[in-house]
Amino acid sequence: MPFVHLHVHTQYSVLDGAANIKNLFKKASGDKQVALAITDHGNMFGVKEFLDTAKKYPDVKPIVGCEFYLTREGRFNKRGREDQGAYHLILLAKNHNGYKNLIKLASYAYIEGFYYKPKIDRELLEKYSSDLICSSACLGGEVPQAIIEWNLREAEETILWYKNLFGEDYYLELQRHETNLPGANSTVFITQQFVNEEILKLAKKHSIKCIATNDVHFVNKEDGDAHDRLICLTTNSDVDDPKRMRYTKQEYLKTQEEMEAIFSDVPQVLENTLEIVEKVEKYSIESDPILPVFPIPEQYDNSDDYLRDLTYKGAVSRYGDLTPEITERIDFELETIKRMGYPDYFLIVQDFISAARNMGVSVGPGRGSAAGSVVAYCLTITDVDPIKYKLLFERFLNPDRISLPDIDIDFDDDGRSKVYRYVEEKYGKDHVSHVITFGTMGAKTAIRDIARIQKLPLNESDRLAKLVPMRFSDDDNGDKVEVSLDNCIKHVPEIAEAFKSEDPLVRDTMEYAKKLEGNVRNVGVHACAVIIGRDDLREFIPISTAKDKESGEDIWVSQYEGSHIEKVGMLKMDFLGLKTLSIIKDSIENIKRSRGFVLDINAI
């Protein structure tokens, strides 16, 4: 019986999911499953990686979704304990418009609804429900919770509200996690069966279709114990704690044959998953660069003319009399910039660098391939003369290699935040964002984490972690060798011995550390990357929030990491804060105070 998994948590359900996206697709493809969904808890962190991986498995249709946290009390209520909890709700995008609605919901959940978790409410659902498929989720969903509390009237009213909003795109989920595995939670199945019975009755009464799901959190059955250790890390519990949170260990990507056996009495709930697959279109979220439009003075027809004028004025300031060599180089660069559609990019960069200098922020002379541009030099984006030093423009911008120009800008440590605030004010707070980073479990961290929750003695944990080298020598081909436990087994005899240790505690620690290595452990904010958008960023990418280290205020942070940002059309720049520039700036100020003259560092 054909079946598709529509409720799947990857490792981007941070410290809850332990499923590697590539391994999910590999198993789904091997089992001839025709589609696979991603529905991480409250975020879309892994969506771009998910879609990129799907390209390598053309036989498996990717379905983008999210398991949202939903509050009935309203997303703005943040009163205390009563507003900490939330229901679960699965939403899947039918097409690109549905994807854009997912983006908005995932963004507002953080920007307006974050309270312990990112949350949406019914008001947002009503506003952004088009082209979305909705299902009632696990036992944490609104309908199951009402049934568990034996409030069948509320369960029925909830079902009717969602049916009225989503129509034929609303489904009720059935899950059956029967288990007899050691250390697993066997009571969940009893509750599921009780809830399923009532759901089937209500589904029949109101002509709503049901689907089977398995609440996937890891890839293979044998990964259950490793996932159990991950939950211990999440809840800060020891493995032997009898009161700790436990899963059923059935939350793996089951085969179609396994799902058919589990739901043999209601085969239609398997068939209905294929109905959802048919509703989902294939689409791409990649885009050509969506550059901000720089506001130009009225006397100029377009940004090309304005850039040309600024460049030639700057050229006169830099070079004085312009030789044929200089004008030929400037014209060539300007024509290339115009043909590639990047004049606004140069205007934006020169504008905030000029603003930085006017605010007394120290700006670096330029780094990387941008130093090869005469236009950048004339606009005082860089302070290195590419003609004098015979630097090539083509290394920076080449019409034969279409990619966004990359200008890394150095500011003094204290001034970086001033420039960021200027950009926010210039283009609008909703047009500017920081970029997310994902911290993963390295080999050392994984060993220490697992050792702690398994109560391996600290001295032994420390010994094992210290066996992991900082780096390996390059291989015979000159390629770098990754520091992983797999490679440690090959190159570090003591680690290989630990995996075969007679002490089961040591052996298990190493095995579980190896399985959880590389899993996302936390999220952070990139130290220098900044996104500037043409319009509200929520039109293009999902946004999360974080606390600013300096002000303590909420700042916008993309849910896609830096390597994916430009692929979806966003302009990413690096505002680098350099302590060296701060030291030079302070030194110049001290010289002014003590010696009475202003030192021009650029003239040295």
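Along the sequence shown, residues are numbered consecutively beginning with 1.
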Looking at [X] and [Y], does any basic side-chain N land under 4.0 Å from a carboxylate oxygen?
X	Y	result
E497	K500	no
R229	D449	no
E222	K249	no
D238	R452	no
K205	E156	yes
R538	D536	yes
E168	K163	no
D225	K515	no
E460	R463	yes
K94	E281	no
E539	K104	yes
K567	E286	no

Would you say the rings of [Y] and [X] are close, in the sense that their centroids are separated by under 6.0 Å?
X	Y	result
F189	H177	no
F3	F263	no
Y12	F438	yes
F194	W150	yes

Determine, stepwise, if the pair I543 / Q559 fulfils side chain to side chain contact (heavy atoms under 4.5 Å, CB included). CA-CA 5 Å; I543 296 293; Q559 291 192 31; 5.6 Å; no

Which is it for S501 and D503 under the side-chain hydrogen bond (donor to acceptor under 3.5 Å, both in side chains) test, yes or no, and what are the steps along the way? CA-CA 5 Å; S501 173; D503 184 343; 5.5 Å; no

Tell me whether the guanidinium CZ or amine NZ of K254 lies under 6.0 angstrom from the six-membered ring centre of Y252 and within 45° of its axis. yes

Does the structure place the NZ or CZ of K119 under 6.0 Å from the centre of the six-membered ring of Y69, at an angle of no more than 45° from the ring's axis? no

Can you tell me if [X] and [Y] form a side-chain donor-acceptor pair at under 3.5 Å?
X	Y	result
E251	H9	no
D31	Q33	yes
T213	Q175	yes
D486	S484	no
T10	D40	yes
E275	Y171	yes
E173	S135	yes
H7	E67	yes

Test item: V483 and V468 side chains (from C-beta on) under 4.5 Å apart, heavy atoms: yes

Check: V269 and I211 side chains under 4.5 Å, non-hydrogen atoms: no

Is it the case that over 12 heavy atoms from other parts of the model lie below 6.0 angstrom from the NZ atom of K429? yes

Nearest 0.5 angstrom please: [X] [atom1] to [Y] [atom2], how far?
X	Y	atom1	atom2	answer
L464	I450	CG	CD1	12.5 Å
Q11	D16	CD	CG	12.5 Å
L125	F166	CG	CZ	5.0 Å
R122	R75	CZ	CZ	14.5 Å
L124	S129	CG	OG	11.0 Å

S130 and side-chain hydrogen bond (donor to acceptor under 3.5 Å, both in side chains): which partner among N95, N101, D169? N101

Would you call the rings of H217 and H41 parallel, tilted or perpendicular, taking 30° and 60° as the class edges? tilted

Given side chain to side chain contact (heavy atoms under 4.5 Å, CB included), test V280 with L92 step by step and report yes or no. CA-CA 9 Å; V280 175; L92 307 171; 5.6 Å; no

